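For reference, the structure discussed in these notes is given below.
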Amino acid sequence: MNDVRVRFAPSPTGFFHIGGARTALFNWLYARHTGGTFVLRIEDTDRERNTEEALRVILEGMRWLGMDWDEGPEKGGAYGPYFQSQRAEIYREYLDKLKAVDRVYEKDGAVYFRLEGERYTAYDEYKKCEVEKVRATPQVIDDRIRGRVERAEEQDFVLFRRNGEPVFHFVNVVDDLTMGITHVIRGEDHLSNTSKHCELFKAFGVEPPVFAHIPLILKGSGPGKMSKRDSGSLVEEYQRRRFVPEAVRNYLCLLGWSPKDDREKMEIDEIIRLFDLPAINSNNARFDEKKLSFLNAAYLREMPTERFMKEAWDYLVGERALTERGVDVEAWGEEEQRYFETVMSLCQEKVRSIEDLPDFVAYFFTEDYSFDEKAGKKVLKKGDPKARLTEMRGALEKLDSFAEDELEATVAALAAESGAGTGEYIHPTRLALSGTNVGPSFYGLLRVLGRERVLSRLDRFLSRLSA
Ligand code: GLU
């Protein structure tokens, strides 16, 4: 390990926002890229909101996205405790250090940090009164993403509130200092705090760490940044909706970072190899739900079949998604389980998400499948579907093998004979067999459903057409 130490310092609010997840991810990537250490620190000074549950949301989200931390909750480390709520003694000690160099004073029960510089009074438009201001030396931040940022604090600021609680700026700096953090990579919303933080580091007699402020994530459309009310903004939502975690992680990597070519789907090892701080874009990144869905579908398609099978089983059978669609899963034996696997290996290539899977595959498992009226109208208005389906039924009945190449040759022969396009056979047949016009490959569909199901479904459909 080299001496890079970065941290993700969430305040457990009960949500794991994708902005936070992306901040965590960029820290994790930087640690893995440099061979440094990734610390997870819990900024739980707001007692009301800090519950076990709020912490669990973050830890589970981190694990789900594959961001393992080297030090922190459940892991320990030489710089603990990693919960601010357990560091009160350290904060007292560091307050004493500031007292010793005469940089604090008390006023109205609160503890203030004293800036250095010439003092003067000025009218404060906001407070509508005269206030004391300070001409402090500007803090120059050589931000790895934003470039040079200069800002001077103008007023002494609070370190401990009247109730004795330390404020964010103080604990954040004391922790970064005592945990040996070398690079602070965090959201741009904290850029305006950085001059205060630099003042504090210097008052403690140490050089501030390197700062890198990551641009905001904008809403998918319209102005403003993503908030927790926007759909798609929480990691737990993707967990619940059974997205592929690698796909979500891959997508988050691209929110503000790119490999500088057109690649989007990338192995995490490759991203780790290429990731670096100056490579982060300083423009705001816009959330793109379509791109995320596209990546999710690509990861689903390319994942090992056994894993897809397991994901599918967990949801369709374990979580009763098929039961809810009228399939008597309880009655399944070995044969049905094998059939399930055949269906899944056929559908893996085409289904776009695990969430879509129940509706995508239900008709394989029940004769009582739903019928998409709109798709039906569209398909049935072309040519003479009844004639085509009757020919199709006749030809399929004569086949003893439902091998895909034979099925394909059969449809080609029918089309050649009638002069109708193969589509005039394929589309109404798919509709009859599945109740929809989307699904897996047509010949695969016939092969997997098998002769018996195919013929009886065609019969039923044909008698419906005649009715
Ligand atoms: N607890 C702060 C937050 O969640 C951490 C800020 C920082 O990374 O310095 O925004």
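These numbers come from a predicted model, not from an experiment. Worth knowing before you read on, the calculation uses all heavy atoms, side chains too, and leaves out hydrogens, waters and symmetry mates. Order of listing sets the numbers, starting from 1, for every ligand and every atom in it.
- Between Lys133 and Glu154, at least one side-chain nitrogen of the basic residue sits less than 4.0 Å from a carboxylate oxygen of the acidic one, meeting the salt-bridge criterion.
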Item to check | Worked check of ring-ring contact (aromatic ring centres under 6.0 Å, His included) between Trp64 and Phe243 | outcome: CA-CA 10 Å; Trp64 186 70; Phe243 271 68; 8.0 Å; no
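- Counting heavy atoms under 4.0 Å from ligand 1, residue Asn172 touches it through the side chain alone.
- The ring pair (Phe, Tyr, Trp, His ring centres under 6.0 Å) check on Phe26 picks up Phe275, with sequence neighbours excluded.
- Remark: distances from the non-hydrogen atoms of Arg7 to ligand 1 include one below 4.0 Å.
- Between Arg307 and Glu246, at least one side-chain N (NZ, or NE/NH1/NH2) sits under 4.0 Å from a carboxylate O, which counts as a salt bridge.
- For ligand 1, the polar-atom distance check against Val184 finds no nitrogen or oxygen pair separated by under 3.5 Å.
- The one candidate from Phe157, Phe201, Phe160 that meets the ring-ring contact (aromatic ring centres under 6.0 Å, His included) condition with Phe113 is Phe157.
- Of the listed residues (Arg186, His190, Gln84), the one carrying the non-hydrogen atom nearest atom 3 (C) of ligand 1 is His190.
- If you check which protein heavy atom lies closest to atom 5 (C) of ligand 1, you get Ala9 O, 3.2 Å.
- Scanning all protein heavy atoms for the shortest distance to atom 1 (N) of ligand 1 gives Glu43 OE1, 2.6 Å.
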